[in-house]
> 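Handing you this structure, nothing more for now.
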Amino acid sequence: MLNTLLQLGYLLAACMFILGIRKLSKVRSARQGNQFAAAAMLLAVVITLVDLGNIDYRWILGGLAVGTAVGVFAAVRVQMTGMPELVAMFNGFGGAASALVALSIFFRTMGTQTGATVDVAAAMGGSHIAVAGVLSLVVGSITFTGSLIAFLKLNGSVRGNHFVFAGRNAVNGLLLLGTLAAGAAVVFVPLAPDVTIMVFSAALVVALIVGITGTSPIGGADMPVVISLLNSLSGVAASMAGFAVDNHLLIIAGSLVGASGLILTQIMCKAMNRTLGAVLFKSFGGSADSGRDGYENVKEASAEEVAMMMDDISTLVVVPGYGLAVAQAQHTTRELANLLEAKGISVRYAIHPVAGRMPGHMNVLLAEADVPYEQLVEMDNINGDFKTTDMVMVLGANDVVNPAALDEPDSPIYGMPILNVHEARQVVVVKRSLSPGFAGIANRLFDNDNTIMVFGDAKKVLQDLVSEVKNA
Amino acid sequence: MLSPLMIGLYVFVLAIFLGFELITKVPPTLHTPLMSGANAISGITLVGALSCATTGETTLANVLGALAVALATINVVGGFLVTNRMLQMFGKKR
C-alpha cells in the first residue's frame, strides 16, 4: 500500500517536471515552470526519504546540508556575466553525481562478493542494470570533466584550444572505445575481485580523460554548442542512473533534459551553419590568410562625433556581442538607450542566436540591465528592418555581422546567417582593435563607406557617449 | 508481461520524444533559463544518490553516495535558484 502511494508520488513528480519544462519555454509562464520543477524535485526527495525508512540519515543529511549551502551561495553570489561559467559548473556536478551513484553501487556490490571470481551482472541483479551503471559512470564522467574544461575556458583560466593535432579524433575515438570495452569486460567477463575493480577504475579514468581531450580543442564562439551538448549529456547520465537504480522518475527527467539539450545544440549549430560533427571534430578558423589582412578604408571617430550623429537619427539598433559581456557594459548601454529614448529615438537590440558564450547569453545580460525583452529582437525578425534603420551600433560583436558570410564562398563563415547591419544608413562599431573575431578572418564591414569605428573598451566608450549626449 | 528493462526502455524512448515536443519552439530569449532549469532537473540523480548513502558507516560505497548527494544537491538547489533569479529579471516591470 505504502509502496503504491510512493510510486504514485513519483508519477506526480514526473508530471510536474513535464509541466514545468513546458512552462519554461514561454516567457510569461517560465518562472512558474521553474517553481513547478523545483517543487517536483522536493516531492521526489521527500518520497525517497520516506521510502528509505528507518536508516542512518547522518551521511544523507550531511550531503544535503553541504550541497544546499554551496548551491545557495553560488546562485546568490553570481553576476549575470558569470552565468555561462556557473551553468557549466552545475552541469558538471550533475554529471559527477551520476558517475558517483554508479561507483557507489559498484563498490557496494563488490563488498558482498566473496568468490574467486565476480559475476558483476548477476551480483547487481541483471546485466542490464550493470550495463546502465557502466553507462552512467562513463557519460557522467565525460560530462564532469568536459564541463570542468568548459568552466575553465569560460572564466578565462584556460586560454586557447589544446589537444589540437591531426590524429586527435582517432585518439579520442579509441579512448572512448577503450572505456566502453573496459566497462563491458566488467559486466560480462567473470574476473577476480581485485582485477574487476582495476578494470572498472580504468574505465572511470579513461572516461574522465575523454571529457578533457574531447572538449579542450573546442572554444570561443563554439562554446554555446558545447555547453548545450554537455547539458544534454548530464540528462542522459541521470537517465542511465535511473536504469541502474530502477527508478522511472530518473529515466523520465533525465531524458527530458537530454532532449532539451539536444534541441538547443541543434539550434546553435544551425545558427552557425555548421554541423555538430564539424564543431566537435574539426578545428575552425584561426587562419588569417583566408581573409584580407589589411583594411584599406577604416574610418575612426570619437565618442563626441558619434554623439553628434545621434542628433539626427530616429532609429537605433544595438548589436551586442561577447565583448559587451566582457566589458560588463550592459548597464551603461541601457543608460544610453534611456537618454536616446527620452529624445524620441526608437532603440532596439538585434540578438544573434550565438552571440555570447551560451545560448541566450545576451538576453540574460540585457535583462539584468532592465532592458524590456520586447526590445530584444531575434535575427530573422529584424534583418528586414536594417535598410530603414538610421544607425546600428555594434558592441563587441564581430563574426555575426561579417557580410563575407553572404557573398564570399571561400570564407570559412560563408553560409552562416548574419545580422545584415551593413544595410543600415550608418554603422558604428565599438571595438578594442581591428583584431579578428573567433573565425580569425577580417571583417569587411569595417571597410564599408557607411561604417565608422570607435576604438576602446565598450563600457568606457559608452560612458563617454552618455556624457556627450547629456551635454548636447 | 514486459520485463522491467523493457518497461524502462519504453519510458526512456517516449520521454525523449516528449522532451522534443515540449521544447521545439522555445524563444531564444529563454535559452539560458531553459538550459539552467533543465540542468537543475538533471540533478534528479539526487534521488538515486540518496539510496547510496544509507548507512552511518564509513564504507567506500557510503562515502561515494554521500558525495553524490552533495554534488547533486548543489546542482539542484543552485540550478533552480539561479534560474529563478534570471527569470525574475525577465519579468520585472519597467
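From a predicted model like this one, the values you see are computed outputs, not experimental measurements. Protein chains get the first letters and strands the later ones, always in sequence-line order, with residue 1 at the start of each.
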> Establish, from distance only, whether the side-chain atoms of A:Glu341 and A:Gln375 form a donor-acceptor pair under 3.5 Å.
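Yes.
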
> Name the option with the most non-hydrogen atom pairs under 4.5 Å to chain A; the candidates are B:Leu60, B:Asn75, B:Leu67, B:Asn39.
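Counting heavy-atom pairs under 4.5 Å, the top option is B:Asn39.
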
> Between B:Ile44, B:Val82, B:Val13, which residue shows the highest count of heavy-atom pairs closer than 4.5 Å to chain A?
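The residue among B:Ile44, B:Val82, B:Val13 with the greatest pair count is B:Ile44.
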
> Highest number of heavy-atom pairs under 4.5 Å with chain B: which of A:Val245, A:Leu256, A:Ile267?
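Highest number of heavy-atom pairs under 4.5 Å: A:Leu256.
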
> Side chain, backbone, both or neither: which part of B:Ala40 has a heavy atom under 4.5 Å from chain A?
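Just the backbone, heavy atoms under 4.5 Å.
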
> Indicate the atoms forming the closest heavy-atom contact of A:Leu52 with A:Ile55, along with that distance.
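The answer is O-CG2, 3.5 Å.
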
> Between A:Tyr10 and chain B, with a heavy-atom cut-off of 4.5 Å, which part of the residue counts as in contact: side chain, backbone, both or neither?
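Just the side chain, heavy atoms under 4.5 Å.
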
> Quick one: which of B:Ile23, B:Leu81, B:Val63 has the most heavy-atom pairs under 4.5 Å with chain A, could you say?
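The option with the most such pairs is B:Ile23.
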
> So which part of A:Met268 gets closer than 4.5 Å to some heavy atom of chain B, the side chain, the backbone, both or neither?
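Just its side chain gets close to chain B.
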
> Heavy-atom distances under 4.5 Å only: say whether B:Thr59 touches chain A with side chain, backbone, both or neither.
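Neither part, no heavy atoms under 4.5 Å.
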
> Who wins among A:Gly71, A:Ser255, A:Pro353 for the most heavy-atom pairs under 4.5 Å with chain B?
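Of the candidates given, the most pairs with chain B belong to A:Ser255.
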
> Contact part of A:Ile129 toward chain B, heavy-atom cut-off under 4.5 Å: side chain, backbone, both or neither?
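No part of it gets close to chain B.
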
> Could you look at B:Leu46 and say if it's the side chain, the backbone, both or neither that has a heavy atom under 4.5 Å from chain A?
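Contact with chain A: side chain only.
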
> Find the one option among A:Ile47, A:Asn91, A:Ile252 whose heavy-atom pairs under 4.5 Å with chain B are most numerous.
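Between A:Ile47, A:Asn91, A:Ile252, the count favours A:Asn91.
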
> If you count heavy-atom pairs under 4.5 Å between each of A:Leu250, A:Thr48, A:Ile251 and chain B, which one has the most?
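It is A:Leu250.
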
> Find the one option among B:Leu14, B:Leu34, B:Thr29 whose heavy-atom pairs under 4.5 Å with chain A are most numerous.
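So the answer, after comparing B:Leu14, B:Leu34, B:Thr29, is B:Thr29.
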
> So which part of B:Val76 gets closer than 4.5 Å to some heavy atom of chain A, the side chain, the backbone, both or neither?
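Contact with chain A: side chain only.
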
> As a quick check of understanding, evaluate side chain to side chain contact (heavy atoms under 4.5 Å, CB included) for A:Leu24 and B:Leu87, giving each step before the final call.
CA-CA 10 Å; A:Leu24 256 178; B:Leu87 291 170; 4.0 Å; yes

> In a check of side chain to side chain donor-acceptor pair (under 3.5 Å) between B:Ser42 and each of A:Ser234, A:Ser260, A:Ser232, which one passes?
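It is A:Ser234, the one option of A:Ser234, A:Ser260, A:Ser232 that forms the side chain to side chain donor-acceptor pair (under 3.5 Å) with B:Ser42.
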
> Heavy-atom distance under 4.5 Å to chain B: side chain of A:Met240, backbone, both or neither?
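The answer is the side chain of A:Met240.
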
> Against chain B, label A:Ile60 side chain, backbone, both or neither, depending on which of its atoms sit under 4.5 Å from a heavy atom there.
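For A:Ile60, backbone and side chain are both near chain B.
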
> Does any heavy atom of chain A fall under 4.5 Å from the side chain of B:Leu9, the backbone, both, or neither of them?
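Backbone plus side chain of B:Leu9, per the 4.5 Å heavy-atom cut-off to chain A.
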
> Any side-chain donor-acceptor pair under 3.5 Å between A:Ser136 and A:Ser98?
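No donor-acceptor contact under 3.5 Å links the two side chains.
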
> What part of A:Arg31 gets within 4.5 angstrom of chain B, counting heavy atoms only: side chain, backbone, both, or neither?
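Both parts, backbone and side chain.
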
> Hey, what do you get for CD (B:Glu21) to CD1 (A:Ile18), rounding to the nearest 0.5 Å?
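Here the interatomic distance stands at 12.5 Å.
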
> Of the backbone (N, CA, C, O) and the side chain (C-beta and beyond), which part of A:Asn231 lies under 4.5 Å from a heavy atom of chain B, both, or neither?
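Side chain only.
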
> Would you mind telling me which of A:Arg22, A:His248, A:Met362 has the largest number of heavy-atom pairs within less than 4.5 Å of chain B?
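Among the listed options, the one with the most contacts to chain B is A:His248.
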
> With chain B, which of A:Ala38, A:Ala241, A:Ala13, A:Ala238 has the greatest number of heavy-atom pairs at distances under 4.5 Å?
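Highest number of heavy-atom pairs under 4.5 Å: A:Ala38.
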
> Using non-hydrogen atoms only, which part of B:Leu30 is less than 4.5 Å away from chain A: side chain, backbone, both, or neither?
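Contact with chain A involves the side chain of B:Leu30 alone.
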
> Chain B heavy atoms under 4.5 Å from A:Leu103: which part of the residue, side chain, backbone, both or neither?
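A:Leu103 touches chain B through backbone and side-chain heavy atoms alike.
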
> Taking side chain as everything from C-beta outward and backbone as N, CA, C, O, which of these in A:Asn247 sits under 4.5 Å from a heavy atom of chain B? Side chain, backbone, both or neither.
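A:Asn247 touches chain B through side-chain heavy atoms alone.
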
